[in-house]
Amino acid sequence: MDTKYIFITGGVVSSLGKGIISASIGKLLQARGFKVTIQKFDPYINIDPGTLNPYEHGECYVTTDGMETDLDLGHYERFTGIHTTKDNSITTGRIYKTVIDRERRGDYLGKTIQVVPHITDEIKRRMLRRDVEGEELDFVITEVGGTIGDIESAPFMEAIRQMRWQLGRDAVCVHLTYVPYLKAAGELKTKPTQHSVKELQGMGIQPDILVLRTERHLDDALRMKVASFCNVDLECVIQSEDMPSIYEVPVNMQRQGLDAAIMRKIGIPVGETPAMKSWHDFLEKQKAATQEVQVALVGKYDLQDAYKSIRESLSLAGIYDEVKVRINFINSEGITKENIGRQLAGMAGVVICPGFGQRGIEGKIIAAGYARTNDIPCFGICLGMQMMVIEFARNVLGLSDADSSEMDPATPHNVIDIMEEQKNITQLGGTMRLGAYLCRIRSGSRTSEAYGGVEDIVERHRHRYEFNNRFKEGFESAGMQCVGVNPDNDLVEIVEIPALRWYIGTQFHPEYSSTVLHPHPLFISFIKACIDYGTTQA
């Protein structure tokens with residue numbers, strides 16, 4: 001079977017959930033036995049989101065091969081279990097840089113470089129993925145960021161238009177729009193959808209399938225109206241209502257026949273509807289989890305999407321531990337020694353979040369110290385682990401001026417120091433230690449127990465600074481063990497205090513590896529410890 005291509009576009013407003021719909025389609029096609037990948041094309045000119053403020057773009061997700069990407073790739077991986085790479089995340093910046101680099105080398109033989117055909121040809125080349133080695137894919141799902149009508153997305157729309165003509169029935173366009181409800185009029189309004197589709201048609205693209213985002217149920221008469229005005233079959237007008245959980249979206253889409261509609265459009269026999277037993281089992285577990293466990297998320301970005309993968313990993317682990325995790329964000333800038341007891345009152349566990357820069361780090365250090373001295377389960381991730389290390393150095397080893405050389409380059413006790421290979425780097429974008437690296441875990445440690453006794457693990461990283469091995473002996477003698485180390489460069493990856501019920505910090509980001517059907521073992525172990533602690537405090 002030739003590779004089939006599905007293009008996901010959005011209209012009316014942004015943030016409708018194109019990433020969730022893309023991931024859901026991927027999951028449904030996987031359930032039918034197809035090999036699938038999903039890619040995101042973002043119209044912004046940044047090379048990647050690695051240098052963007054999380055307030056602006058949410059979490060920066062990292063692939064196994066070290067590409068800093070959009071947070072939607074996290075949804076793709078959590079839903080489908082696929083491992084994304086640099087080829088799954090493309091920005092306008094990368095497209096233009098590739099074309100400009102070729103022009104500078106003289107590859108175009110003196111031609112005038114234009115948006116059409118040179119930029120659009122490069123977009124098409126990447127959309128087709130025909131130069132990605134080792135791939136044998138049945139479906140390539142391409143989500144285009146932004147909203148129809150954005151000036152930045154015009155080259156992507158032109159590339160899709162050309163590909164639709166070139167690929168014929170091997171390409172399908174799914175357009176996601178919004179149907180608002182006007183409370184004063186008591187009516188759902190389809191006009192924004194009609195205008196969005198008209199704009200898409202004006203670009204030469206006729207959508208095959210419409211997914212209507214709505215907060216209220218749409219009756220058949222309204223769907224028929226949309227189908228009629230937008231030249232789309234009624235069975236191809238799908239509604240995406242608000243669901244109690246994003247993980248119910250694939251089931252809702254399957255129930256309405258979204259995957260079947262795609263198959264019919266492409267000309268593949270629909271066959272039987274897959275049972276998706278493991279997914280339904282997960283949803284049953286989610287519904288059955290009624291007991292709540294309170295977890296504090298200590299960070300400086302007061303925005304849900306800034307810690308998206310951590311939040312989802314905690315929730316997924318809770319479901320498999322048969323509880324509902326209630327995440328309580330605590331801004332580390334507002335934490336003091338005087339109020340930390342009140343801030344963490346009633347919490348069964350504490351997560352010290354990753355991040356960069358000076359802002360809010362003292363609050364993280366105070367939170368780590370409070371969790372340590374009160375034996376509250378505590379999980380530090382990346383910068384969070386580094387703050388646990390600094391707190392231990394100051395308050396247990398007696399090094400009151402201990403710090404990270406990121407925060408205080410002059411500190412004599414730089415228990416966290418810049419990595420050797422990072423010292424001569426001047427550019428910020430894409431230059432950190434990024435992607436998957438090996439870690440060897442000490443047998444008999446609590447971390448080893450969480451991983452089921454596995455000695456070697458591979459986890460993803462995004463950092464410039466590391467534990468300073470000059471202080472390693474002092475830490476271990478005082479009770480903080482370095483139980484995970486990269487065997488190639490002796491980099492400390494995991495610290496823990498075995499004398500406490502659960503106090504673990506990781507230099508890597510375990511949240512990037514947690515999926516719906518395979519939640520990360522460290523999050524599972526952490527939530528178990530939170531449940532046990534909550535029970536003893538009750």
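Side-chain atoms are counted along with the backbone in the values below, which use heavy atoms only and exclude waters and symmetry mates.
No side-chain donor-acceptor contact under 3.5 Å links Asp138 and Thr3. The closest side-chain donor-acceptor pair between Tyr178 and Glu215 falls under 3.5 angstrom.
By the 4.5 Å heavy-atom criterion applied to side chains, Pro250 and Phe79 are counted as neighbours. At least one side-chain heavy atom of Gln30 sits under 4.5 Å from a side-chain heavy atom of Ile82. Between Cys439 and Ile494, the closest side-chain pair of non-hydrogen atoms falls below 4.5 Å. In this structure, Arg223 and Thr190 have side chains that are not in contact, with every pair of non-hydrogen atoms separated by 4.5 Å or more. Between Ile238 and Leu212, every side-chain heavy-atom pair lies at or beyond the 4.5 Å cut-off.
Classification of Glu122 and Arg102 as a salt-bridged pair holds, one side-chain N sitting under 4.0 Å from a carboxylate O. A salt bridge links Lys265 with Asp233: the distance from a Lys NZ or Arg NE/NH1/NH2 to an Asp or Glu carboxylate oxygen falls below 4.0 Å. A salt bridge links Arg433 with Glu493: at least one charged nitrogen is closer than 4.0 Å to a carboxylate oxygen. The pair Arg213-Asp242 counts as a salt bridge, with a side-chain nitrogen and a carboxylate oxygen less than 4.0 angstrom apart. A salt bridge does not link Asp101 with Arg104: none of the charged nitrogens is closer than 4.0 Å to a carboxylate oxygen. Ion pairing between Arg462 and Glu68 holds under the 4.0 Å rule for side-chain N and carboxylate O. The residues Lys35 and Glu136 are annotated as not salt-bridged, no charged nitrogen and carboxylate oxygen being separated by less than 4.0 angstrom. Using a cut-off of 4.0 Å between Lys/Arg side-chain N and Asp/Glu carboxylate O, Glu235 and Arg264 are scored as salt-bridged. Using a cutoff of 4.0 Å between basic side-chain nitrogens and carboxylate oxygens, Asp42 and Lys40 are scored as salt-bridged.
Counting heavy atoms of neighbouring residues, nucleotides and ligands inside a 6.0 Å radius, atom CD of Gln201 exceeds 12 of them. For Met243, the CE atom is densely surrounded, since the number of other residues' heavy atoms within 6.0 Å is greater than 12. In Lys124, the NZ atom is crowded: over 12 heavy atoms of neighbouring residues, nucleotides or ligands sit closer than 6.0 Å. Other residues, nucleotides and ligands contribute over 12 non-hydrogen atoms within 6.0 Å of the CG atom of Leu234. Within 6.0 Å of CG in Leu182 there are more than 12 heavy atoms belonging to other residues, nucleotides or ligands. Around OH of Tyr181, the count of heavy atoms belonging to other residues, nucleotides or ligands within 6.0 Å exceeds 12.
Here CD1 of Ile246 is found 13.5 Å from CG of Asn252. Values are rounded to the nearest 0.5 Å. Between Ile209 atom CD1 and Ile262 atom CD1 the span is 4.5 Å, to the nearest 0.5 Å. A distance of 8.5 Å separates CD in Gln256 from CG in Leu258, rounded to the nearest 0.5 Å. If you take CZ on Phe139 and CZ on Arg32, they are separated by 9.5 Å, rounding to the nearest 0.5 Å.
Ring-plane geometry between Phe379 and Phe523 is classed as tilted, the angle between the planes lying from 30 to 60 degrees on a 0 to 90 degree scale. Using cut-offs of 30° and 60° for the angle between ring planes, the Tyr307 and Tyr301 rings count as tilted.
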Step-by-step side chain to side chain contact (heavy atoms under 4.5 Å, CB included) determination, Thr273 to Gln254: CA-CA 8 Å; Thr273 302; Gln254 185 190 56; 3.5 Å; yes

Verdict with supporting geometry, His509 and Arg460, side chain to side chain donor-acceptor pair (under 3.5 Å): CA-CA 6 Å; His509 289 259; Arg460 303 182 211 183; over 6 Å; no

Criterion side chain to side chain donor-acceptor pair (under 3.5 Å) on Thr177 and Thr193, from CA distance to verdict: CA-CA 6 Å; Thr177 76; Thr193 291; 2.7 Å; yes

Criterion side chain to side chain contact (heavy atoms under 4.5 Å, CB included) on Val492 and Glu466, from CA distance to verdict: CA-CA 7 Å; Val492 172; Glu466 64 173 321; over 6 Å; no

CA sep, side-chain torsions, deciding dist, call: Val174, Asp208, side chain to side chain contact (heavy atoms under 4.5 Å, CB included): CA-CA 6 Å; Val174 179; Asp208 298 288; over 6 Å; no

Full working for side chain to side chain donor-acceptor pair (under 3.5 Å) between Arg78 and Ser309: CA-CA 9 Å; Arg78 278 189 290 275; Ser309 290; 3.0 Å; yes

Test log, rule side chain to side chain contact (heavy atoms under 4.5 Å, CB included), inputs Ile205 and Arg164: CA-CA 8 Å; Ile205 302 169; Arg164 290 291 306 280; 4.0 Å; yes

Residues Thr84, Glu77; criterion side chain to side chain donor-acceptor pair (under 3.5 Å); working and verdict: CA-CA 7 Å; Thr84 55; Glu77 292 205 15; 2.5 Å; yes

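The side chain to side chain donor-acceptor pair (under 3.5 Å) contacts involving residues 140-156 comprise Gln39-Thr142, Tyr76-Glu143, where partners must be two or more places apart or lie in separate chains.
Ring centroid separation for the pair Tyr247 and Phe282 comes in under the 6.0 Å cut-off. The aromatic ring centres of His518 and Tyr320 sit 6.0 Å or more apart.
Looking only at distances, a side-chain donor or acceptor of Asn486 sits under 3.5 Å from a matching main-chain atom of Leu438.
Between Glu333 and the options Lys300, Arg359, Lys364, a side chain to side chain donor-acceptor pair (under 3.5 Å) holds for only Arg359.
In this structure, Ser24 has no side chain to side chain donor-acceptor pair (under 3.5 Å) partners at least two apart in sequence or on a different chain. Partners of Phe356 according to the ring pair (Phe, Tyr, Trp, His ring centres under 6.0 Å) rule, which considers only residues two or more places apart in sequence or in another chain, do not exist here.
In this structure, Arg94 forms no cation-pi arrangement with Tyr96, as its terminal cationic atom is not both closer than 6.0 Å to the ring centre and no more than 45° off the ring axis.
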